[in-house]
J.: 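I have a structure I would like to understand better, so I am pasting it below and will then ask my questions one at a time.
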Amino acid sequence: MRLDVVTIFPEYLAPLDLSLIGRARAAGLVDLRVHDLREHTTDRHRTVDDAPLGGGAGMVMRPEPWGPALAEVVRAGRADGLAGPPHLLVPSPAGQPLTQQVVHELAAQPWLAFACGRYEGVDERVLEEAAEAMPVTPVSLGDYVLNGGEVAVLAIVEAVVRLLPGVVGNPASLVEESHADGLLEAPVYTRPAVWQGREVPEVLLSGHHARIARWRREQSLARTARRRPDLLAALDPAVLDAADVAFLATLGWHVHGGRLSRR
């Protein structure tokens, strides 16, 4: 997979040299290029921002550097043999929510590019112009605001790259984690069996795989009901077996009209 990131703070992306992502890059599973937007400015102050037209607080990133910066990303990728164009992702609190389903869709694409906004964001014309040459998707990590897109890019890249074949040592761990099946994962434990007077649930020491699997499933359902009832309400009841339905009933959740709801 090819990843291109355009930013005014290239050093912000240094953590992508660490851990699993760094190893994936070293192994050639990921080709990540970081581009400094200021290299495409034309004044001696390397200006990338200006006051918002129409008034208002803050500053807006000017369009002039973005045009050549994104064109250079496309040109370099094609010179390296990529069919292109890339799918441009723009981190923004006004973007579509990043979900695990979206992450899986992104992981299936060969070339992603990122435009890291700062201040009050990027002039909207940049996105309009880019959309004539490539898919453009503003993406939000959640209902809050960051200082810039770099932190979001770190999160998105890690979420996407870990799904690529060969990046995570045990692929089975990707199946059992939160959001893989629409639910939060069950609590996890390791040795020692007793710590600070707190014991590991007995079932995990039983060696009875069917009982352990049932316990984990019920813990997953209970945790989701407690912490993220919105996920449970959106779950397709067709993925639940009779034991799931009976357990959810003890929590006050019932299947009604083809949907899960609390009554």
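Worth saying up front: this structure is predicted, and the values here are computed from it rather than measured. Residues: numbered from 1 along the sequence shown. Any value given below was found using the heavy atoms of this structure, including those in side chains, with hydrogens, waters and symmetry copies removed.
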J.: Using a 3.5 Å distance criterion without hydrogens, assess whether the side chain of Ser92 forms a donor-acceptor pair with backbone atoms of Pro138.
T.: no
J.: Could you tell me if the side chain of Thr7 sits less than 4.5 Å from the side chain of Leu37, heavy atoms only?
T.: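 In short, these two side chains do not touch, never coming nearer than 4.5 Å.
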J.: Does anything in residues 144-158 form a salt bridge (Lys or Arg N to Asp or Glu O under 4.0 Å)? List the pairs, not counting sequence neighbours.
T.: Arg118-Glu150
J.: Is there a donor-acceptor pair under 3.5 Å between the side chain of Thr41 and the backbone N or O of Thr47?
T.: no
J.: Does Glu64 have any side chain to side chain donor-acceptor pair (under 3.5 Å) partners at least two apart in sequence or in another chain, and if so, which?
T.: Arg62
J.: Indicate every side-chain donor-acceptor pair of residues 232-239 with a distance under 3.5 Å to a residue at least two apart or in another chain.
T.:
from	atom 1	to	atom 2	distance (Å)
Asp236	OD1	Ala238	N	3.0

J.: Are Val60 and Trp66 joined in one hydrophobic group, where the rule is that I, L, V, M, F, W and Y side chains link up if heavy atoms are under 4.5 Å apart?
T.: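 As far as the 4.5 Å side-chain criterion goes, Trp66 and Val60 are not connected within one cluster.
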J.: Identify, with sequence neighbours excluded, every residue that meets side chain to side chain donor-acceptor pair (under 3.5 Å) alongside Arg262.
T.: none
J.: Any side-chain heavy-atom pair from Val194 and Val200 closer than 4.5 angstrom?
T.: no
J.: Same hydrophobic cluster for Leu13 and Leu18, using side-chain heavy-atom links shorter than 4.5 Å among ILVMFWY?
T.: no
J.: Out of curiosity, does Val103 fall in the hydrophobic cluster containing Leu20 (side-chain heavy atoms, cut-off under 4.5 Å, transitive links)?
T.: yes
J.: Are Tyr119 and Val48 close enough that some pair of their side-chain heavy atoms sits under 4.5 Å apart?
T.: yes
J.: If you count the non-hydrogen atoms of other residues, nucleotides and ligands that lie under 6.0 Å from CZ in Arg46, is the total more than 12?
T.: yes
J.: Phe114 versus Leu3: any side-chain heavy-atom pair under 4.5 Å?
T.: yes
J.: Just jot down the salt bridge (charged side-chain N to carboxylate O under 4.0 Å, His left out) partners of Glu202, sequence neighbours excluded, or say none.
T.: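 Listed in chain order: Arg211.
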J.: Check this for me: does any side-chain nitrogen of one of Arg38 and Asp36 sit under 4.0 Å from a carboxylate oxygen of the other?
T.: no
J.: Taking C-beta and beyond as the side chain, do Trp215 and Pro201 meet within less than 4.5 Å on heavy atoms?
T.: yes
J.: Quick one: does Ser206's side chain get under 4.5 Å of Ile212's, heavy atoms only?
T.: yes
J.: Only counting residues at least two apart or in another chain, list the ones meeting side chain to side chain donor-acceptor pair (under 3.5 Å) with Glu199.
T.: none
J.: Using the rule that Ile, Leu, Val, Met, Phe, Trp and Tyr join whenever any side-chain heavy atoms are under 4.5 Å apart, tell me whether Met134 and Val153 fall into a single cluster.
T.: yes
J.: By salt bridge (charged side-chain N to carboxylate O under 4.0 Å, His left out), which residues pair with Asp17, not counting sequence neighbours?
T.: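 Salt bridge (charged side-chain N to carboxylate O under 4.0 Å, His left out) check on Asp17 returns Arg25.
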J.: Val139: what forms a side chain to side chain contact (heavy atoms under 4.5 Å, CB included) with it, not counting sequence neighbours?
T.: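 For Val139 the side chain to side chain contact (heavy atoms under 4.5 Å, CB included) partners, ignoring immediate neighbours, are Leu89, Leu98, Thr137, Ile156.
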J.: Do Leu82 and Leu70 belong together in a cluster built from hydrophobic side chains that touch within less than 4.5 Å?
T.: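 Cluster IDs for Leu82 and Leu70 match.
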J.: Any salt bridge (Lys or Arg N to Asp or Glu O under 4.0 Å) pairs touching residues 240-257, not counting sequence neighbours?
T.: Arg214-Asp241, Arg214-Asp244, Arg217-Asp244
J.: Counting N and O atoms only, with roles assigned by atom type, does the side chain of Thr224 sit under 3.5 Å from a partner on the main chain of Ser220, one being a donor and the other an acceptor?
T.: yes
J.: Give a yes or no on this: more than 12 heavy atoms of other residues, nucleotides or ligands lie within 6.0 Å of atom CG of Asn147.
T.: no
J.: Considering residues at least two apart in sequence or located in another chain, which fulfil the side chain to side chain donor-acceptor pair (under 3.5 Å) criterion with Trp111?
T.: Asp4
J.: Which pairs with one or both residues in residues 124-134 pass salt bridge (Lys or Arg N to Asp or Glu O under 4.0 Å), sequence neighbours excluded?
T.: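 Found Asp123-Arg125.
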J.: Counting neighbours of NE2 on His254 that are heavy atoms of other residues, nucleotides or ligands and sit closer than 6.0 Å, is the number greater than 12?
T.: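 Yes, enclosed.
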J.: How about Val30 and Leu164: do any of their side-chain heavy atoms sit closer than 4.5 Å?
T.: yes
J.: Only counting residues at least two apart or in another chain, list the ones meeting salt bridge (charged side-chain N to carboxylate O under 4.0 Å, His left out) with Asp80.
T.: Arg2, Arg33
